[in-house]
Structure formats: structure tokens, C-alpha cells
Trainee: 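Got a structure here, written out as C-alpha cells. Questions coming.
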Amino acid sequence: MKTMSSQNSQNKQSSAAYIKAENVSKQFSSNGSVLSVLENISLDVKAGEILAIVGRSGSGKTTLLNIISSLEKTTTGEISAHGSVGYVPQKDLLLPWRTLIGNILLPAEIQKRNLKTSVIKARDLLQKNGLAQFEKSYPSEISGGMRQKVSLMRTLVQDSDIVLFDEPFSAIDFDARLQLVKEIRSYIVSAQKVAIFVTHNIEEAIAISDKLVVFSERPAKIVYQTDINIHDEYRDPVNVRKSKDFQELFERIWKLMSKQI
Ligand SMILES: Nc1ncnc2c1ncn2[C@@H]1O[C@H](COP(=O)(O)OP(=O)(O)OP(=O)(O)O)[C@@H](O)[C@H]1O
Ligand SMILES: [Mg+2]
């Protein structure tokens, strides 16, 4: 079961956003067979916090984000997501017949929000990410990494209370990633958003998050969880290696993930 309170809180500025999952399990049934994907997942993320999820391919990370964003239902257990939800999906899902700016503005158009404000935000993001000259290009005319950045911008322009990131930087080059980790973290913390960030990159997960969970192989259970307390100056995937306790934490997570090979 899933409860969504105050879906339209963008306009209401109600109480702080959060996500809370209690004993969430998920099974898919097809052709008479049952696939268990999530088993007793409990977690909570508060305003101003980023939860990172790492886990092997096929463990159920995207499935959990789909449940939080109401694309899927839980089989048992409960999820409460308080606040409007924005989702950066694993595939960029840009519409080929719309220009880049047209894609970025799509959610604002659907929700009939003030387009002028969204256009200003969209142009600012395109500029900051070196894509201003491609504003009127179509997705087929740009690279995979550029498309992934546009998909990220499309979600950030919505300014949702909750933001779900599903491997948002997987196609983006290393330099841009370093910058994006810092920028996204500073946006979520300063605007008191709630975020879940799925990645296969352990350094990236540690650098960006306040809390980190490791999923086991399918059916995913939480096999490790920890708070991440790192000074702001170390919060990118290169400098994070210099932070206290990094090595120990990295090895612990790495062992948990490689044990399952
Ligand atoms: N709609 C669905 N119907 C049936 N099975 C599904 C469905 N969605 C996902 N699955 C299965 O659930 C399992 C978990 O998939 P999911 O996409 O959540 O994994 P993931 O952890 O995100 O993997 P990756 O790191 O490769 O993105 C997979 O075995 C997948 O085939
Ligand atoms: Mg996935």
C-alpha cells in the first residue's frame, strides 16, 4: 500500500517533505511464475537529506524508485511520500519530436505552471551545463551524455519536493560528474528537498549522500546502512577519497557487493 500526502505541495509549502518505507516487499508475477524483487525494505529520508542506494544490477533499485513515484505498487508494506515527486529515470526518455528546451519544459506545460519562470530556469541550466547553443536541437542531434544532462534538467526545472535520481550520471564524463555531484548536493540541502540517489559508483554514493544503504542481490534486502558525515570540501568523487574513514567504508561496501558475484 502507498500513501501520497500533499502531492501538490509545490504550491502549498506545507510541512517538510519526507519518504518513509516500512517493510516493503515486491513480487512480479508473469506466466504463472513469481519473481521476488524487494524483501522487507525499510528506510526514511527527511528534508535536506540524500539517501544513496548501491547494489548489483537487477537487485531492485529501479523497482523501489518506481514504487515511490507511484509507477508500481508494493506487494506488502507501506510507503509514504510526502511532497511532489520528480524522477530522473535510468533511461533519458526524451521525446524525439521535441527540441531540448521543449523536452525540459514538458512537465511545466503538462502541469500548466508559469512557463516564463520555467523558461528562465531551463535556459540557466542549459547555460551552466554548456548546452545553451543546443537549445533548439533535437535529442537525435546530441550525444548520450548530453541527453542524460537534459533529462536531469527536465526534472530539476520542476523543483519538486522529492527528487529520485536513477543512475543520473552514468553516461556523463568524469569532469562534469564531479561538478554535478557538488551542485546537486548543494541544491538538495539548501532547498531542503528529499532525494534518493541510485548509483553503481561507490565514491559517488559516499560523496553525495547523508545516508547510504547497500542492497543484496535479488530479492533485495538492506545488508548495510550507515550515516555519511563528511565535510563539504570533500564532497565530490575525487576529494572524497581524502576524507577520514573513506577507505574503510569503501572496502566494506565493495566487499558486500563483490561477495555476491
Ligand atoms: N515490470 C516488471 N515486470 C516483471 N519483472 C520486472 C519488472 N520490472 C523489473 N522487473 C525485474 O525486477 C528485477 C529488478 O529490476 P530493477 O530494474 O529494479 O533492477 P536494478 O537494481 O535497477 O538494476 P540495474 O542496476 O541494472 O538498473 C529484475 O529481475 C527485473 O527483470
Ligand atoms: Mg535500475
Side-chain angles (χ1 to χ4, degrees), residues 1-2 19-43 45 50-79 81 85-94 144-145 147-152 154-155 160 162-172 174 177 180-181 184 194-209 211-226 237 250 252-261:
M1 206 185 102
K2 179 173 197 312
I19 300 170
K20 190 170 174 63
E22 286 173 286
N23 297 318
V24 168
S25 296
K26 174 70 180 173
Q27 297 175 341
F28 289 109
S29 307
S30 64
N31 301 327
S33 63
V34 173
L35 185 75
S36 271
V37 175
L38 301 172
E39 208 169 276
N40 278 324
I41 301 290
S42 295
L43 46 86
V45 200
I50 302 178
L51 169 82
I53 302 178
V54 293
R56 290 173 60 78
S57 190
S59 57
K61 304 177 297 295
T62 298
T63 302
L64 181 67
L65 298 192
N66 286 345
I67 293 172
I68 295 169
S69 61
S70 299
L71 294 171
E72 294 280 359
K73 291 196 169 89
T74 62
T75 305
T76 57
E78 189 162 325
I79 293 214
V85 180
Y87 194 172
V88 185
Q90 193 164 1
K91 290 192 198 117
D92 61 57
L93 304 177
L94 299 180
R147 278 204 297 276
Q148 207 172 31
K149 282 187 190 168
V150 173
S151 167
L152 187 62
R154 182 178 51 188
T155 303
S160 313
I162 294 171
V163 196
L164 308 174
F165 298 94
D166 197 355
E167 301 188 42
F169 308 151
S170 56
I172 294 177
F174 194 65
R177 256 174 198 234
L180 283 167
V181 165
I184 296 228
V194 171
I196 297 188
F197 191 97
V198 169
T199 176
H200 284 271
N201 183 309
I202 301 174
E203 283 101 339
E204 196 170 280
I206 298 174
I208 206 164
S209 68
K211 295 172 170 176
L212 184 151
V213 299
V214 181
F215 274 12
S216 70
E217 288 210 293
R218 192 186 67 235
K221 296 175 270 309
I222 294 178
V223 286
Y224 179 63
Q225 55 187 319
T226 184
F250 180 95
R252 185 185 285 243
I253 296 168
W254 171 245
K255 271 190 195 141
L256 280 166
M257 290 175 71
S258 50
K259 249 188 210 165
Q260 304 165 30
I261 294 173

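One-based numbering, in listed order, for ligands and for the atoms of each.
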Trainee: Against ligand 1, does G55 come closer than 4.0 Å with any heavy atom?
Mentor: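 G55: no contact with ligand 1 (<4.0 Å).
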Trainee: Could you tell me, atom by atom, which parts of ligand 1 come under 4.0 Å of a heavy atom of V37?
Mentor: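 Every atom of ligand 1 under 4.0 Å from some heavy atom of V37: 12 (O), 13 (C), 14 (C).
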Trainee: So, does K149 use its side chain to make a donor-acceptor pair with the main chain of I172 at under 3.5 Å?
Mentor: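 Judged by distance alone, no pair lies under 3.5 Å.
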Trainee: Taking F169's backbone N and O only, do any of them form a donor-acceptor pair with R177's side chain (distance below 3.5 Å, no angle check)?
Mentor: yes
Trainee: If every non-hydrogen atom of V85 is compared with every non-hydrogen atom of I68, which pair is closest and at what distance?
Mentor: CG2-O, 4.5 Å
Trainee: Taking 4.0 angstrom as the limit and counting only heavy atoms of E167, give me the atoms of ligand 1 inside it, by number and element.
Mentor: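 Counting from 1, the qualifying ligand atoms are 25 (O), 27 (O).
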Trainee: Select the closest option to atom 15 (O) of ligand 1 among V198, I67, T63, judged by heavy-atom distance.
Mentor: T63
Trainee: Do me a favour and list the nearest non-hydrogen protein atom to atom 13 (C) of ligand 1 with residue, atom name and distance?
Mentor: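 Nearest protein contact, heavy atoms only, for atom 13 (C) of ligand 1 is G58 O, 3.7 Å.
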Trainee: With a cut-off of 4.0 Å, which atoms of ligand 1 are near a heavy atom of H200?
Mentor: 25 (O)
Trainee: How far does CD of Q27 sit from CG of L35, to the nearest 0.5 angstrom?
Mentor: 9.0 Å
Trainee: Just to confirm my output: which protein heavy-atom neighbour is closest to atom 11 (C) of ligand 1, and how far is it?
Mentor: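 Going by distance alone, atom 11 (C) of ligand 1 is nearest to L35 CD2, 3.7 Å.
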Trainee: Might you point out which heavy atoms bring S216 and S59 nearest each other, and give the distance in Å?
Mentor: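 So the minimum-distance heavy-atom pair works out to O-CB, 3.3 Å.
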Trainee: Kindly indicate whether atom 7 (C) of ligand 1 is approached by any protein heavy atom to under 4.0 angstrom.
Mentor: yes
Trainee: Relative to the heavy atoms of E72, which atoms of ligand 1 are at a distance of less than 4.0 Å?
Mentor: 1 (N)
Trainee: Tell me, do L65 and Q90 make a side-chain contact under 4.5 Å, heavy atoms counted?
Mentor: no
Trainee: Which residue and non-hydrogen atom of the protein lie closest to atom 29 (O) of ligand 1, and at what distance in Å?
Mentor: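 Ranked first by proximity to atom 29 (O) of ligand 1 is R218 NH1, 3.0 Å.
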Trainee: Of all the heavy atoms in G60, does at least one lie under 4.0 Å from an atom in ligand 1?
Mentor: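 In this structure, G60 qualifies as a contact of ligand 1 - some heavy atom is under 4.0 Å.
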Trainee: Specify the protein heavy atom at minimum distance from atom 25 (O) of ligand 1: its residue, its atom name, and the distance to 0.1 Å.
Mentor: K61 NZ, 2.7 Å
Trainee: When you measure from the side chain of K26 to the backbone of K73, do you find a donor-acceptor pair of N or O atoms at a distance under 3.5 Å?
Mentor: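 Judged by distance alone, yes, a pair lies under 3.5 Å.
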Trainee: Donor-acceptor check, side chain of S25 to backbone of T75, threshold 3.5 angstrom: yes or no?
Mentor: no
Trainee: Keeping E203 on the side-chain end and F250 on the backbone end, is there a donor-acceptor pair under 3.5 Å?
Mentor: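 No; zero donor-acceptor contacts below 3.5 Å.
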Trainee: Keeping T155 on the side-chain end and Y87 on the backbone end, is there a donor-acceptor pair under 3.5 Å?
Mentor: yes
Trainee: What is the closest protein heavy atom to atom 27 (O) of ligand 1, and at what distance does it sit?
Mentor: Q90 NE2, 2.8 Å
Trainee: To which protein heavy atom is atom 26 (O) of ligand 1 closest, and what is the distance rounded to 0.1 Å?
Mentor: S57 OG, 2.5 Å
Trainee: Short question: side chain of T74, backbone of G77 - any donor-acceptor pair under 3.5 Å?
Mentor: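 A pair under 3.5 Å: yes.
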Trainee: Is S42 reaching over with its side chain to a backbone N or O of N23, donor-acceptor style, under 3.5 angstrom?
Mentor: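 It does hold such a pair.
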Trainee: Scan the protein's non-hydrogen atoms and note whether one is under 4.0 Å from atom 31 (O) of ligand 1.
Mentor: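 So atom 31 (O) of ligand 1 lacks protein heavy-atom neighbours under 4.0 Å.
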Trainee: Quick one: nearest non-hydrogen protein atom to atom 9 (C) of ligand 1, plus distance?
Mentor: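 It is F28 CE1, 3.6 Å.
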Trainee: Indicate whether any N or O donor in one side chain lies under 3.5 Å from an N or O acceptor in the other, for E72 and T63.
Mentor: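 Per modelled atom types, E72 and T63 side chains form no pair under 3.5 Å.
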Trainee: In the protein, which heavy atom is nearest to atom 17 (O) of ligand 1, and how far is it?
Mentor: T62 CB, 3.6 Å
Trainee: Spell out the protein N/O/S atoms under 2.8 Å from the Mg ion (ligand 2) as residue plus atom name.
Mentor: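 Less than 2.8 Å away from the Mg ion (ligand 2) sit T62 OG1, Q90 OE1.
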Trainee: Using a 3.5 Å distance criterion without hydrogens, assess whether the side chain of R154 forms a donor-acceptor pair with backbone atoms of D92.
Mentor: yes
